[in-house]
Amino acid sequence: MGRVREFDEEKVLDAAMQLFWEKGYEATSLSDLTSRMGIQRPSIYSAFGDKKELFETALRKYTMSHASEARTRLQNHRSVREAFRAFFENVVDEEYSESRSRGCFCINTMVELAPHDEKFEILTREHQMYLAVIFQETIERGIQSGELASGTDAKALSQALIVSLIGLTVMLKSRPERSFVNNTIEVTLTLLE
């Protein structure tokens with residue numbers, strides 16, 4: 001009969017996710033993880049596998065939560081244009097309210113690991129495509145309501161907005177002038193006119 005785990009798996013996974021999000025994969029040591037998670041290495045290996053498997057599990061947790069949050073934020077507005085404005089402005093507000101820029105955990109992973117690790121290339125691309133579907137559904141809602149032109153290519157527009165979002169998120173890591181960011185959002189939103 002196996003031993004009962006003496007820790008809350010979701011809680012320790014969340015602690016690992018936060019640490020990986022702050023430091024990235026390479027800069028996070030097993031000692032950092034045991035300290036933040038409050039469990040020892042054998043417990044980490046038993047529950048999650050090695051460091052890379054733990055990172056993958058943490059990334060999957062993040063992407064599920066991030067996608068769900070994105071869908072909710074975009075559905076909370078009657079106007080599709082206002083939904084996207086609020087969405088982009090929220091990304092910026094969150095970055096500037098943090099004492100240190102963490103960016104998006106998935107985009108950080110795309111930059112750090114995807115270029116040389118096929119698994120993370122696929123995982124980050126899947127998340128981008130899933131967000132594009134959420135954006136596309138929102139745009140289609142705007143077409144159906146008459147807010148957006150009937151000839152709008154919802155798929156292409158959603159993909160352009162995803163590229164803008166990724167670029168904006170990466171750029172925010174260098175803390176540009178807020179007016180620079182605001183102008184960028186304004187021009188991006190003209191795609192919805």
Side-chain angles (χ1 to χ4, degrees), residues 2-75 87-88 90-92 94-95 97-138 155 158-159 161-174:
R3 282 183 57 185
V4 175
R5 291 215 167 99
E6 298 174 3
F7 57 88
D8 180 335
E9 201 167 305
E10 282 302 307
K11 187 175 177 183
V12 298
L13 178 58
D14 189 60
M17 182 185 77
Q18 296 297 328
L19 183 62
F20 281 131
W21 190 356
E22 290 166 20
K23 296 182 77 169
Y25 176 77
E26 292 296 336
T28 301
S29 69
L30 278 171
S31 296
D32 294 334
L33 287 164
T34 58
S35 176
R36 179 70 67 92
M37 296 169 76
I39 60 176
Q40 297 304 310
R41 288 180 190 202
S43 295
I44 292 175
Y45 294 133
S46 173
F48 304 105
D50 64 15
K51 177 182 163 184
K52 195 172 205 177
E53 290 170 311
L54 173 58
F55 185 88
E56 179 183 344
T57 303
L59 179 62
R60 288 181 185 277
K61 176 182 174 69
Y62 173 85
T63 57
M64 285 180 56
S65 172
H66 186 251
S68 175
E69 185 179 304
R71 183 182 298 280
T72 299
R73 284 185 180 176
L74 289 170
Q75 290 175 343
F87 185 89
F88 276 85
N90 184 263
V91 168
V92 173
E94 284 181 356
E95 263 321 285
S97 70
E98 298 285 325
S99 60
R100 186 173 152 262
S101 176
R102 291 193 308 170
C104 168
F105 183 26
C106 186
I107 293 171
N108 295 348
T109 303
M110 182 177 66
V111 172
E112 181 184 12
L113 297 178
H116 52 270
D117 189 310
E118 185 178 8
K119 177 179 274 187
F120 292 104
E121 174 191 329
I122 292 167
L123 286 173
T124 56
R125 186 174 55 238
E126 284 174 350
H127 184 57
Q128 294 163 43
M129 295 302 103
Y130 190 68
L131 287 178
V133 168
I134 293 169
F135 280 23
Q136 182 176 338
E137 290 169 354
T138 305
K155 183 175 183 178
S158 69
Q159 291 170 346
L161 290 172
I162 289 295
V163 170
S164 296
L165 176 64
I166 292 169
L168 176 66
T169 305
V170 172
M171 184 183 69
L172 285 170
K173 294 186 86 51
S174 68

Asker: Are Phe135 and Phe87 an aromatic pair, judged by ring center distance below 6.0 Å?
Answerer: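 Yes; Phe135 has its ring centre under 6.0 Å from that of Phe87.
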
Asker: Working note: Met110 + His127, criterion side chain to side chain contact (heavy atoms under 4.5 Å, CB included); need CA distance, chi angles, decisive distance, verdict.
Answerer: CA-CA 10 Å; Met110 182 177 66; His127 184 57; over 6 Å; no

Asker: Rounded to the nearest 0.5 Å, how far apart are SG of Cys106 and CD1 of Ile166?
Answerer: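 Reported to 0.5 Å precision, the distance equals 8.0 Å.
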
Asker: Is there a side chain to side chain contact (heavy atoms under 4.5 Å, CB included) between Tyr25 and Leu59? Walk through the geometry before answering.
Answerer: CA-CA 11 Å; Tyr25 176 77; Leu59 179 62; over 6 Å; no

Asker: Provide the closest heavy-atom pair for Leu13 versus Leu54 in the form atom of the first, atom of the second, distance.
Answerer: CD1-CD1, 4.0 Å

Asker: What I want to find out is whether Glu56 reaches Lys52 closely enough, with some N-O distance under 4.0 Å, to be called a salt bridge.
Answerer: no

Asker: Check whether any side-chain heavy atom of Asn108 sits under 4.5 Å from a side-chain heavy atom of Lys173, and report yes or no.
Answerer: yes

Asker: Whether the Asp32 and Ser29 side chains hold a donor-acceptor pair (N or O, under 3.5 Å, no angle test) is what I'd like checked.
Answerer: yes

Asker: For the side chain of Glu94 and the backbone of Val91, is there at least one donor-acceptor N/O pair under 3.5 Å apart?
Answerer: no

Asker: If you look at every heavy atom in Ala67 and Ile134, which pair is closest and at what distance?
Answerer: O-CD1, 3.5 Å

Asker: Could you tell me the separation between the CD1 atom of Ile107 and the CD atom of Gln128, rounded to the nearest 0.5 Å?
Answerer: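 Output value for this atom pair is 7.5 Å.
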
Asker: Check Arg125, Arg71, His66 against Tyr130 for a side-chain hydrogen bond (donor to acceptor under 3.5 Å, both in side chains) and give me the one that passes.
Answerer: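 Running side-chain hydrogen bond (donor to acceptor under 3.5 Å, both in side chains) over Arg125, Arg71, His66 with Tyr130 returns exactly one hit, Arg71.
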
Asker: Where do Met37 and Ala16 come nearest, in terms of heavy atoms and distance?
Answerer: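 Looks like SD-CB, 3.7 Å.
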
Asker: Tell me the closest heavy-atom pair linking Leu33 and Thr28, and the distance in Å.
Answerer: CG-CG2, 3.7 Å

Asker: Identify which one of Thr169, Leu161, Val163 satisfies the side-chain contact (heavy atoms from CB on, under 4.5 Å) criterion when paired with Leu165.
Answerer: Thr169

Asker: For the CG atom of Asp14 and the CD atom of Gln18, what is their distance to the nearest 0.5 Å?
Answerer: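 That separation rounds to 5.0 Å.
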
Asker: For the residue pair Ser158 and Gln136, what are the closest heavy atoms and their distance?
Answerer: CB-N, 3.5 Å

Asker: Distance from Asp117 atom CG to Glu112 atom CD, nearest 0.5 Å?
Answerer: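 Reported value, rounded in 0.5 Å steps: 10.5 Å.
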
Asker: Test side chain to side chain contact (heavy atoms under 4.5 Å, CB included) on Ser31 and Arg41 and set out the steps.
Answerer: CA-CA 8 Å; Ser31 296; Arg41 288 180 190 202; 3.4 Å; yes

Asker: So, for Phe55 and Phe105, is the gap between ring centers shorter than 6.0 Å?
Answerer: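 Aromatic pair counts; centres sit under 6.0 Å.
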
Asker: Would you compute the distance between atom CD of Glu137 and atom CD of Gln75 and round it to the nearest 0.5 angstrom?
Answerer: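 These two atoms lie 8.0 Å from each other.
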
Asker: Check this for me: Met64, atom CE, are more than 12 non-hydrogen atoms of other residues, nucleotides or ligands nearer than 6.0 Å?
Answerer: no

Asker: Quick one: closest heavy-atom pair of Phe7 and Ser43, and the distance?
Answerer: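 Answer, listing the atom of Phe7 first, then Ser43: CE2-CB, 3.8 Å.
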
Asker: Strictly distance-based, threshold 3.5 Å: is any side-chain N or O of Ser46 a donor or acceptor partner for the main-chain N or O of Pro42?
Answerer: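 Between the backbone of Pro42 and the side chain of Ser46 there is no qualifying donor-acceptor contact (under 3.5 Å).
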
Asker: Please walk me through it: do Tyr62 and Thr109 pass side chain to side chain contact (heavy atoms under 4.5 Å, CB included)?
Answerer: CA-CA 11 Å; Tyr62 173 85; Thr109 303; over 6 Å; no

Asker: Find the distance between CZ (Arg36) and NZ (Lys23) and round it off to the nearest 0.5 Å.
Answerer: 8.5 Å

